[in-house]
Amino acid sequence: MEFSYSKFQLTWLAVLGFIMAVASLMVAAPRLFGLNWEDSPVLIGVIGVVFFGACLGLIIWRLATSQGAVLSLSEAGVRDFRIAHELIAWSDIQRISEVRMRNNKFIVFTVRPELEQSLSMTKAAKWSRAPNKLLGIDGLCITAVGLNVRHKDLWEALQAYAAAQKIPSS
């Protein structure tokens, strides 16, 4: 099974990112928009502009460069190019779990520590590991957001592969 980016979902996310970046700019520089706020929370606005601008840039880059499968499931294992380019073999996966947090759903792979250390993870995957651990999520996270698959369908497909390999899932 292969899943690629959904042009529709990414376009919608780009629109939302643009709106949030402009709203943050209004907070950061209210006089540019003819607003007269005396105690403008400028720092929060600047952080919002940087964050949402970076998100918007990433989404546009993905829209422009996406070709082919981003996430692949096979009898050999899982490959998610958003995490690493290497295949994660089923034998290296210790557990698969579904996490729901504040209306967000994602899937967590608990893998052997040696494997995680040897993966050439993407910057996004590396940078998200520490915050995820602080939230009590220890593993490699994947999501259906931006892909041409619903979370429920992805979760069911992963559970089927995990069951065939006798990997616990919850």
Side-chain angles (χ1 to χ4, degrees), residues 1-6 9-10 12-14 16-17 20-21 24 43-44 47-63 65-66 68-170:
M1 299 179 103
E2 294 186 335
F3 305 102
S4 58
Y5 284 120
S6 164
Q9 277 193 35
L10 288 180
W12 177 241
L13 289 171
L16 289 175
M20 293 302 293
S24 297
L43 180 60
I44 293 172
I47 291 169
V49 169
V50 171
F51 176 76
F52 292 113
C55 290
L56 178 60
L58 177 64
I59 292 166
I60 290 171
W61 178 77
R62 284 183 177 172
L63 269 169
T65 61
S66 66
V70 174
L71 172 63
S72 301
L73 309 177
S74 69
E75 290 80 20
V78 179
R79 176 176 283 135
D80 188 340
F81 287 108
R82 299 169 299 174
I83 295 175
H85 287 275
E86 297 94 350
L87 177 80
I88 300 171
W90 292 112
S91 59
D92 292 321
I93 298 173
Q94 298 171 326
R95 178 174 206 70
I96 298 174
S97 54
E98 180 183 40
V99 176
R100 294 170 186 253
M101 191 173 282
R102 293 189 185 174
N103 225 12
N104 294 306
K105 300 175 211 165
F106 46 97
I107 298 162
V108 179
F109 293 102
T110 305
V111 297
R112 291 183 307 104
E114 314 84 60
L115 171 76
E116 188 172 336
Q117 296 300 320
S118 71
L119 287 175
S120 56
M121 292 198 294
T122 64
K123 287 180 183 170
K126 285 179 192 175
W127 294 343
S128 65
R129 291 293 287 129
N132 285 346
K133 281 185 181 180
L134 287 174
L135 294 171
I137 303 164
D138 192 13
L140 304 175
C141 299
I142 65 169
T143 180
V145 173
L147 299 180
N148 63 350
V149 63
R150 293 182 350 208
H151 173 83
K152 178 181 180 245
D153 298 332
L154 177 58
W155 175 239
E156 288 173 357
L158 281 165
Q159 281 185 308
Y161 275 104
Q165 299 293 325
K166 298 187 181 19
I167 299 170
S169 66
S170 59

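Just so you know, residue 1 is the first one in the sequence shown, and it goes up from there.
- Between the CZ atom in Phe106 and the CD1 atom in Ile137 there is a gap of 3.5 Å [rounded to 0.5 Å].
- Closest approach of Gln94 to Pro168, counting heavy atoms only: O-CD, 3.4 Å.
- Heavy atoms of other residues, nucleotides or ligands lying less than 6.0 angstrom from CZ of Phe51 number 12 at most.
- Remark: the backbone N or O of Ser4 is paired with a side-chain donor or acceptor of Asn148 at under 3.5 angstrom.
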Lys105 vs Thr143, test: side-chain contact (heavy atoms from CB on, under 4.5 Å). Steps then yes/no. CA-CA 7 Å; Lys105 300 175 211 165; Thr143 180; over 6 Å; no
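- Summarising the geometry, atom CG belonging to Asp92 is positioned 11.0 Å from atom CD belonging to Glu86; distances are rounded to the nearest 0.5 Å.
- Within the model, atoms CZ of Phe109 and OG of Ser97 stand 9.5 Å from one another, a figure rounded to the nearest 0.5 Å.
- By the neighbour-count criterion of 12 heavy atoms within 6.0 Å, atom CD1 of Ile44 is sparsely surrounded, having that number or fewer from other residues, nucleotides or ligands.
- Atom SG of Cys141 sits about 9.0 Å away from atom CE of Met101, to the nearest 0.5 Å.
- When all heavy atoms of Ser128 and Ala125 are compared, the closest pair comes out as OG-O, 3.1 Å.
- Taken from CG in Leu73 to CG in Leu154, the straight-line distance is 6.5 Å, to the nearest 0.5 Å.
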Intermediate values then yes/no, side-chain contact (heavy atoms from CB on, under 4.5 Å), Met1 and Ser72: CA-CA 6 Å; Met1 299 179 103; Ser72 301; over 6 Å; no
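- Rounding to the nearest 0.5 angstrom, the gap separating the CD1 atom in Ile93 from the CD1 atom in Ile167 is 5.0 Å.
- When atom types are taken as modelled, the side chain of Glu98 and the backbone of Trp155 share no donor-acceptor pair closer than 3.5 angstrom.
- Within the 4.5 Å cutoff, no side-chain heavy atoms of Asp138 are placed close to those of Thr110.
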Would you check, one step at a time, whether the test side-chain contact (heavy atoms from CB on, under 4.5 Å) holds for Ser24 with Val49? CA-CA 5 Å; Ser24 297; Val49 169; 3.7 Å; yes
Between Leu58 and Cys55, does the side-chain contact (heavy atoms from CB on, under 4.5 Å) criterion hold? Intermediate values first, please. CA-CA 5 Å; Leu58 177 64; Cys55 290; 5.7 Å; no
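- Residues Leu71 and Val149 fail the side-chain proximity criterion, which asks for heavy atoms closer than 4.5 Å.
- Between Leu119 and His85, every side-chain heavy-atom pair lies at or beyond the 4.5 Å cut-off.
- Arg82 has its side chain within reach of Leu147: a pair of non-hydrogen atoms, C-beta onward, lies under 4.5 Å apart.
- Residue Trp61 forms a side-chain contact (heavy atoms from CB on, under 4.5 Å) with just one option from Leu63, Thr65, Ile59, and that option is Thr65.
- For the pair Val145/His151, no side-chain contact is recorded, criterion being any heavy-atom separation below 4.5 Å from C-beta on.
- Using a 4.0 Å cut-off between charged nitrogen and carboxylate oxygen, Glu116 and Arg112 do not count as a salt-bridge pair.
- Panel note: side chain Trp90, backbone Ser74; a donor-acceptor pair is recorded below 3.5 Å.
- Using a 4.5 Å heavy-atom cutoff, the side chains of Ile83 and Thr122 are not in contact.
- Counting heavy atoms from C-beta on, the side chains of Asp80 and Leu140 never come closer than 4.5 Å.
- Taking 4.5 Å as the limit, every side-chain heavy atom of Phe3 sits out of range of all side-chain heavy atoms of Val70.
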